[in-house]
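In what follows, a structure is listed as structure tokens, so that the remarks can point back to it.
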Amino acid sequence: MATFLYRLGRFSFRRRRLVLMLWIAVLAAVGIGAASVSSNTSDSFTLPGTQSQKAIDLLGKEFPQASAAGATARVVFEAPDGQQLKSGANKTEVESLIADLRKAPQVANVSDPYQSGLISKSGTITYAQVTYKVTQPDVTDAARDALHSVADRGEKAGLAVSLGGNAVQEKAGGGATELIGLLVAAVALVITFGSMLAAGLPLLTAIFGVGAAVATITVASAFVDLSSTATTLALMLGLAVAIDYALFIVSRYRGEIRDGHEPEEAAGRALGTAGSAVVFAGLTVVIALVGLSIIGISMLTSMGLGAAFSVVVAVLIALTLLPAMLGFAGTRIMSGRFTSRRMRALQERGQGETTGVRWARFVTRNPVKMLLVSVAGLGILAIPALSMRLSLPDDSMSAPGTSERIAYDTITKGFGDGYNGPLTVVVDGRGSSDAKTAAQDTVTQLGKLSDVAAVRPAVFNQNGDVALISVVPKSSPSSQDTVDLVSQIRDRGPALKSDTGSELMVTGTTALNIDVSKKLSGALIPYLGVVVGLALVLLLLVFRSILVPLKAALGFLLSVVATLGVVVAVFQWGWLADLFGVDGTSPIVSVLPIFMIGVVFGLAMDYEVFLVTRMREEYVHGAEPTEAVIAGFQHGARVVTAAAVIMISVFAGFLLDDVALVKSIGLGLASAVLFDAFVVRMTLVPAVMTLLGRRAWALPGWLDRILPNVDVEGERLRHLLAETPDDGSGSPDRSPVSPVTTGKR
């Protein structure tokens with residue numbers, strides 16, 4: 001592979017105008033395609049095989065007017081101080097507003113609180129439940145405008161009107177986070193290279209690649225069902241890895257120039273060595289993201305595939321467009337107007353030691369102490385993760401002062417927590433001789449459960465064989481008591497089936513959230529097994545070692561559980577909540593652990609490959625094990641540090657958001673990169689590699705013989721260049737070269 005990439009690098013450098021024009025043509029083609037198609041995205045959770053989904057499908061057939069899978073909104077009315085809503089002008093105004101809601105676009109049904117008696121005991125609070133004909137992502141701006149118009153009219157009439165439910169949520173738009181990330185990346189790159197030109201190339205190629213990937217995904221969304229968040233994740237990860245990969249190759253290119261090679265030769269050597277690491281680092285990210293498809297939730301599958309595609313594009317850009325851009329830059333990339341005297345002494349004259357080298361020497365002198373301190377620290381941080389509870393976000397997680405949060409709190413004040421998340425119980429009596437009796441018996445039994453606040457009478461379909469029962473819990477939708485209540489109701493299903501032939505199912509937003517959380521929790525271990533297992537095989541090929549891949553995976557697991565512990569401590573336990581602006585405690589969002597594992601695993605393996613491939617390269621070229629570790633740090637630590645700082649800064653920017661869900665994602669990803677880059681890769685890795693010594697690179701002879709030689713450290717390329725000098729054609733002479741060993745035995 002190294003030889004192929006060497007030739008590809010020199011070709012792209014030499015034919016830079018052709019390569020650049022081809023990429024511009026690709027970007028123009030997909031850009032025109034994206035502008036001319038109408039994308040079709042969806043974020044609905046479909047869970048085939050679950051009770052919630054089965055009940056929703058049945059309701060869609062037997063109660064089409066209920067629009068069981070449709071978006072919902074709650075319009076909450078509160079009377080002015082000293083007044084009530086039961087009669088008079090306030091009642092007239094509420095009824096008029098409800099009538100307008102029924103005429104709004106896409107509305108399927110609006111409940112009338114006066115007919116159902118849904119008015120608080122104080123007579124001051126009521127709410128109307130609005131059901132839409134379409135799912136949440138398909139709610140139009142006109143439908144949302146109608147909701148806000150009703151709220152504005154109610155406010156002008158003196159009522160306090162607030163809006164909740166998923167129909168109120170606006171589609172996520174591009175914010176300033178990406179721009180802030182680019183600015184942070186630019187500063188970190190300038191500090192790393194000391195040159196505006198060297199810093200600009202990774203940013204330029206990253207923007208180019210992300211543009212091509214996002215445009216392609218937009219075109220694809222017109223033909224296949226994709227999540228609306230697939231583009232966002234592709235943008236975020238594509239930008240992150242593209243900068244990382246370009247940073248690594250540009251750093252190696254500058255090193256080859258300093259070693260006295262001509263620019264074209266330096267580009268070939270940089271791609272033949274650092275490019276190999278980029279390919280395998282990209283493969284580990286792709287494995288982690290494509291692995292999301294095994295969970296069985298279409299939204300996560302499309303997110304993973306979209307992001308994986310952006311990573312593939314980032315690798316292709318790094319292997320072709322970047323060396324072409326290096327051809328335009330030439331030796332000017334070495335200019336360091338922003339370098340200090342000490343940095344120039346290090347780079348040009350080799351005087352002194354970098355901070356990374358000094359740290360590596362410190363760790364290698366004290367490997368046992370650093371190993372114990374690091375593992376103990378991460379282990380302590382991981383303790384809160386043992387009590388982690390998962391849930392999907394609801395209005396209780398909205399920022400204080402928002403309409404959604406006000407609506408949630410007002411309903412809680414007037415009726416109780418459970419009214420924010422009623423359960424829908426379905427009695428399917430199509431196989432029963434007396435469906436109505438079965439439904440009535442179910443209503444009676446449900447009313448006896450301890451955590452039930454109210455049970456509404458059964459509503460039947462036209463044939464009278466399917467009943468719909470609304471059950472209001474006493475506890476909040478995300479509480480463990482409500483989860484237990486759903487289990488208690490479902491546990492009564494077998495007895496009802498045995499006695500009457502009717503089937504009992506629980507669905508609704510709350511029950512669906514519980515099923516999603518359960519599915520995600522159950523998929524966590526299999527997902528880890530598949531992703532880590534495949535990555536271990538890949539790293540086995542890269543490093544030709546058994547212990548190095550195992551160490552990489554165990555280190556990643558340590559950083560992940562420590563990160564989950566931090567997230568639980570802050571958002572579920574409330575520790576340091578004021579520091580992060582968290583208003584209240586709540587369960588962890590269900591998708592966060594899986595999402596975080598996929599993203600962080602890929603980035604962690606990037607750092608592992610970047611650091612350890614250089615260690616292996618030095619070892620294969622004759623360095624002693626400990627000196628190889630230090631040399632690997634000398635060349636890779638600065639790049640990994642810059643990449644990690646960029647990622648941490650970008651993710652930490654999400655902590656400035658008002659929404660708890662966004663805050664938790666920001667804290668989780670920032671903490672994970674911090675732990676993995678600086679504790680695991682910068683501390684545990686050199687400590688463990690020092691303790692293992694030559695055993696780190698040991699490989700059984702039988703396994704060595706059957707494993708393909710991918711030559712990621714460029715040893716074969718080094719021998720080829722040494723034995724067959726450049727013939728002037730831009731590539732070395734292609735005369736046969738004897739295979740060389742790729743490791744010490």
For Phe248, enumerate each residue passing the ring-ring contact (aromatic ring centres under 6.0 Å, His included) test, keeping only those at least two apart in sequence or located in another chain.
-> Phe610
Look at the rings of Phe13 and Tyr253 and say which category their plane angle falls in: under 30° parallel, 30 to 60° tilted, over 60° perpendicular.
-> tilted
Does the side chain of [X] reach to within under 4.5 Å of the side chain of [Y], using non-hydrogen atoms?
X	Y	answer
Leu592	Ser664	yes
Thr284	Glu608	no
Thr72	Val130	no
Arg405	Ser162	no

Can you tell me if [X] uses its side chain to pair, donor with acceptor, with the backbone of [Y] under 3.5 Å?
X	Y	value
Gln106	Thr140	yes
Ser149	Ala146	no
Ser671	Leu667	yes
Ser559	Phe556	yes
Ser403	Leu163	yes

From Leu534, Leu538, Val532, residue fulfilling side-chain contact (heavy atoms from CB on, under 4.5 Å) relative to Leu536 | Val532
Just one of Val567, Val560, Val566 clears the side-chain contact (heavy atoms from CB on, under 4.5 Å) bar with Leu564, so which one?
-> Val560
Minimum heavy-atom distance between [X] and [Y], given as atom pair plus value:
X	Y	value
Phe571	Ile588	CB-CD1, 4.1 Å
Ala167	Ala71	CB-CB, 4.0 Å
Leu27	Ala212	CD1-N, 3.5 Å
Leu319	Val279	CD1-CG2, 3.7 Å
Val250	Pro202	CG2-CG, 4.4 Å
Thr301	Ser293	OG1-CA, 3.4 Å

Pair Asp244-Tyr607, side-chain contact (heavy atoms from CB on, under 4.5 Å): steps then yes or no = CA-CA 9 Å; Asp244 280 4; Tyr607 303 148; 3.9 Å; yes
Determine, stepwise, if the pair Ile317 / Leu322 fulfils side-chain contact (heavy atoms from CB on, under 4.5 Å).
-> CA-CA 6 Å; Ile317 287 283; Leu322 180 59; 5.5 Å; no
Can you measure from [atom1] ([X]) to [atom2] ([Y]) and round to the nearest 0.5 angstrom?
X	Y	atom1	atom2	value
Tyr245	Leu316	OH	CG	11.5 Å
Arg144	Tyr132	CZ	OH	9.0 Å
Leu247	Arg252	CG	CZ	13.5 Å
Arg10	Leu271	CZ	CG	12.0 Å
Leu203	Thr205	CG	OG1	8.0 Å
Leu557	Ile597	CG	CD1	8.5 Å

Any chance you could lay out the side-chain contact (heavy atoms from CB on, under 4.5 Å) test for Leu669 and Met596, step after step, and finish with the verdict?
-> CA-CA 6 Å; Leu669 293 179; Met596 190 175 67; 3.8 Å; yes
In plain terms, say whether Lys54 and Asp57 are close enough for a salt bridge, that is, a side-chain N and a carboxylate O under 4.0 Å apart.
-> no
Please check if any side-chain donor atom of Asn109 sits under 3.5 Å from a side-chain acceptor atom of Thr131, or the reverse.
-> no
Report, as yes or no, whether the 6.0 Å neighbourhood of atom CZ on Phe4 holds more than 12 heavy atoms from other residues, nucleotides or ligands.
-> no
Hey, mind stepping through Val75 and Leu101 against side-chain contact (heavy atoms from CB on, under 4.5 Å) and telling me if it holds?
-> CA-CA 10 Å; Val75 184; Leu101 283 172; 3.8 Å; yes
Salt bridge (Lys or Arg N to Asp or Glu O under 4.0 Å) filter on Arg74, not counting sequence neighbours, yields Asp395
Who passes salt bridge (Lys or Arg N to Asp or Glu O under 4.0 Å) against Arg16, sequence neighbours left out?
-> none
